[in-house]
Amino acid sequence: MTVTTIEKLAEHVGQTVTLQGWVHARTSKGKLHFVQLRDGSGLVQCVLFKNNVEAELFDAVSRAGQESSVLLTGLVKAEPRAPGGFEIDVSSGAVFQIAAEGYPITPKEHGIDFLLEHRHLWLRSRRPWAILRIRHTIMMALRNFFDSRGFICVDSPIFTPNACEGTSTLFEVPYFDSTAYLTQSGQLYAEAAALAFGKVYTFGPTFRAEKSKTRRHLTEFWMLEPEMAYAGLDDVMQLAEDMLCHVVDVVLKTRRTELAVLERDLSKLEAIKPPFPRMTYDEACAVLAAHPESKHVAGDDFGAPDETIISNQFDRPVMVHRYPAAIKAFYMKRDPADPTKCLSVDVLGSEGVGEIIGGSQREDDLELLLSRIRHEKLPEDFFQWYLDLRRYGSVPHAGFGLGLERTVAWVCGVEHVREVIPFPRTIYRIHP
RNA sequence: UCCCCGGUAGCUCAAUGGUAGAGCACCCGGCUGUUAACCGGGUUGUUGUAGGUUCGAGCCCUACCCGGGGAGCCA
């Protein structure tokens with residue numbers, strides 16, 4: 001007897017196979033049970049006729065409520081009317097466990113608070129299933145993309161001695177006799193690695209203790225940060241464009257079922273093709289100045305509503321570059337053509353989702369970087385190792401940070417980032 | 001930290017200041033083609049907490065707790 005998974009049923013039409021899973025839903029009609037079986041890879045309807053299976057199994061299934069664990073063996077039949085296109089005509093099987101009464105997540109509607117409180121069970125539902133499988137695919141596509149271009153994955157530490165950028169509020173943790181902080185960015189370490197390996201990326205969790213409470217914020221989220229030696233702002237923008245196009249392409253090619261579960265408008269994804277529009281910060285300011293709903297003041301950073309206005313001008317991500325140096329991080333290199341600007345870029349996702357990537361060319365001159373650190377009143381001692389990178393073989397280098405959850409939410413067309421990470425951590429939620 | 005909204009059965013919600021309800025879930029019975037099945041029957045409450053106003057509070061007032069949406073900041 002072949003044990004297989006639901007997503008591979010197409011290879012087994014006409015054969016008898018065994019599926020191992022859980023009862024997603026069951027309806028019975030007299031001497032007939034319809035079991036919607038979930039096995040993690042998909043969902044398929046299994047039909048049990050009373051006369052075709054042993055009485056013990058038929059009786060057990062009649063008592064098997066939602067989420068009971070069952071093992072069913074039967075003939076795989078093509079069934080165009082069934083979701084997924086297949087149906088199992090069950091001949092034998094076993095009920096491993098009758099789920100306890102009171103499985104909280106019913107087929108009816110639930111509020112977000114209730115669902116998050118039961119996230120450990122909610123993961124089994126269709127929507128999280130689709131989203132988290134796409135998240136996985138996006139992570140794989142990203143890794144494959146960088147791997148195929150000769151990037152080395154270099155992990156950055158999660159315990160850090162200080163603020164990487166000196167801005168965000170960090171989580172403080174006891175570290176033996178002193179204090180450590182959870183990383184808010186692996187970038188400074190990625191720079192060190194780029195000067196060692198040429199092209200690198202870090203990919204891991206990052207932490208921000210800011211009391212943000214919006215659909216775009218988590219206190220723990222994943223960030224991918226590529227960094228390239230002998231590269232500038234234009235290289236970074238090209239890399240970001242190629243990367244996003246590749247990710248969307250892979251998801252469109254391999255996750256149609258999941259996108260259908262999410263009722264994603266595929267035309268919005270199919271529009272994600274190169275080239276992405278590019279505009280300077282000043283050009284973006286002009287767009288906002290001409291927009292009646294914008295309260296943006298030229299020179300300031302863009303607020304969330306401003307980003308929405310800008311990104312809604314296009315059907316694909318837009319790259320806004322050369323922001324005022326004053327509102328950006330100390331390590332960003334000044335634009336030689338206009339020293340009030342820096343060589344930075346923000347990529348705003350389409351459909352008004354806001355910033356998904358922030359990147360820049362880094363300041364490679366020791367004296368200029370040191371003056372920026374002093375001007376920002378950052379702890380100079382902590383940055384000595386970072387300054388070493390400018391002392392010994394400094395080169396032009398550049399990179400960016402991609403917010404994984406924001407990217408997944410954008411691709412999935414999901415409103416809130418808390419749905420695109422398995423166990424979201426927000427200001428008021430650390431459970432389960 | 002600030003602004004707005006909410007908290008009633010396991011869930012989603014209703015209830016003019018006057019006897020706390022419905023649908024679903026769950027349990028029992030029926031049905032060989034269901035798709036959120038259907039039909040019949042049954043179980044379900046410290047109305048977030050503590051005060052106050054009132055003859056009477058789920059409803060009005062005060063404080064607090066919890067959560068949601070947004071701002072700022074950012075990915």
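We name chains A, B, ... by the order of the sequence lines, and we start the count at 1 in each one.
For A:F221, whose side chain is taken as the heavy atoms from C-beta onward, the closest listed nucleotide among B:rU35, B:rG67, B:rA75 is B:rA75. In the set B:rC74, B:rU35, B:rU32, B:rU32 carries the atom at the smallest distance from any side-chain atom of A:L32. When each of B:rG70, B:rG33, B:rA75 is scored by its nearest atom to the side-chain atoms of A:K213, the top-ranked nucleotide is B:rG70.
Using modelled atom types, one side-chain atom of A:S185 and one backbone atom of A:Q187 make a donor-acceptor pair closer than 3.5 Å.
Of all nucleotides present, only B:rG52 satisfies the Watson-Crick or G-U wobble test against B:rC60, with each distance under 3.5 Å. Shown here, B:rG40 forms a base pair with B:rC28; the pair counts as Watson-Crick or G-U wobble because both key distances fall under 3.5 Å. The pairing partner recorded for B:rC74 is none, the criterion being a Watson-Crick or G-U wobble arrangement whose two distances lie under 3.5 angstrom. When Watson-Crick and G-U wobble pairs are counted only if both distances are under 3.5 Å, B:rU35 pairs with no nucleotide at all. For B:rA14, there is no paired base (Watson-Crick or G-U wobble, both distances below 3.5 Å). B:rG45 makes up no base pair with any nucleotide shown, lacking Watson-Crick or G-U wobble contacts both under 3.5 Å.
Here the separation of B:rU1 from B:rC64, taken at their P atoms, is 12 Å to the nearest Å. Rounded to whole Å, the C1' atom of B:rU8 lies 14 Å from the corresponding atom of B:rU44. As rounded to the nearest Å, B:rG45 and B:rC4 have P atoms that lie 37 Å from one another. Taking atom P on both B:rC24 and B:rG40, the two are 11 Å apart, rounded to the nearest angstrom. Comparing the P positions of B:rG67 and B:rU62 gives a spacing of 23 Å, expressed to the nearest Å. When the P atom is compared between B:rG48 and B:rG10, the two are found 13 Å apart, to the nearest whole Å. For the P atoms, the distance from B:rA15 to B:rA22 is 15 Å, rounded to whole Å. Between the P atoms of B:rG7 and B:rU49, the separation comes to 13 Å (whole Å).
One can place CZ of A:R215 at 12 Å from P of B:rG72, the figure rounded to the nearest angstrom. Atom CZ of A:R63 and atom C1' of B:rC27 are 14 Å apart (whole Å). The separation between A:F49 atom CZ and B:rG33 atom C1' is 7 Å, rounded to whole Å. Rounded to whole angstrom, the span from the NE2 atom of A:H110 across to the P atom of B:rA25 amounts to 11 Å. Rounded to whole Å, the distance from CD on A:E355 to C1' on B:rG72 is 15 Å. Distance A:I112 CD1 to B:rG70 P: 12 Å, rounded to the nearest Å. A straight line from CG of A:L115 to C1' of B:rA25 spans 15 Å, rounded to a whole angstrom.
Nearest heavy atom pair, residue A:I421 against residue A:R119, reads O-NH2, 2.8 Å. When all heavy atoms of A:G299 and A:I327 are compared, the pair lying nearest together is O-CG2, 3.7 Å.
Using a 4.0 Å heavy-atom distance criterion, A:E87 is classed as a base contact. At the heavy-atom level, A:F114 lies under 4.0 Å from the strands shown only through sugar-phosphate atoms. A:G111 comes within 4.0 angstrom of the backbone, heavy atoms only, and of no base.
Between the side chain of A:H217 and the base of B:rC74, a donor-acceptor pair under 3.5 Å is found. With hydrogens and angles left out, the side chain of A:R429 and the base of B:rC66 share no donor-acceptor pair within 3.5 Å. Side-chain atoms of A:S212 stay outside donor-acceptor range of the base of B:rC74, with no qualifying N/O pair under 3.5 Å. Interface remark: the A:T214 side chain does not form any donor-acceptor pair with the B:rG69 base, using a distance-only criterion of under 3.5 Å.
Ring geometry for A:F302 versus A:H296: interplanar angle of 30 to 60°, hence tilted.
Heavy-atom contacts from other residues, nucleotides or ligands closer than 6.0 Å to CD of A:E380 number more than 12.
At B:rU1, one or more side-chain N or O atoms of A:K211 fall inside 4.0 Å of OP1 or OP2 (strictly under the cut-off). A:R208 has no side-chain polar atom (N or O) that falls below the 4.0 Å cut-off from OP1 or OP2 of B:rG72. The phosphate of B:rA25 (OP1 or OP2) has no side-chain N or O of A:R26 nearer than 4.0 angstrom.
Test A:Y201, A:W385, A:Y386 against A:Y189 for ring-ring contact (aromatic ring centres under 6.0 Å, His included) and you get one pass: A:W385.
Taking a cutoff of 4.0 Å between a charged side-chain nitrogen and a carboxylate oxygen, A:K268 and A:D315 do not qualify as a salt bridge.
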Report the C-alpha distance between A:H321 and A:T280 in whole Å, list the side-chain angles of each, state the deciding distance to 0.1 Å, and finish with yes or no for side-chain hydrogen bond (donor to acceptor under 3.5 Å, both in side chains).
CA-CA 5 Å; A:H321 55 92; A:T280 63; 5.8 Å; no
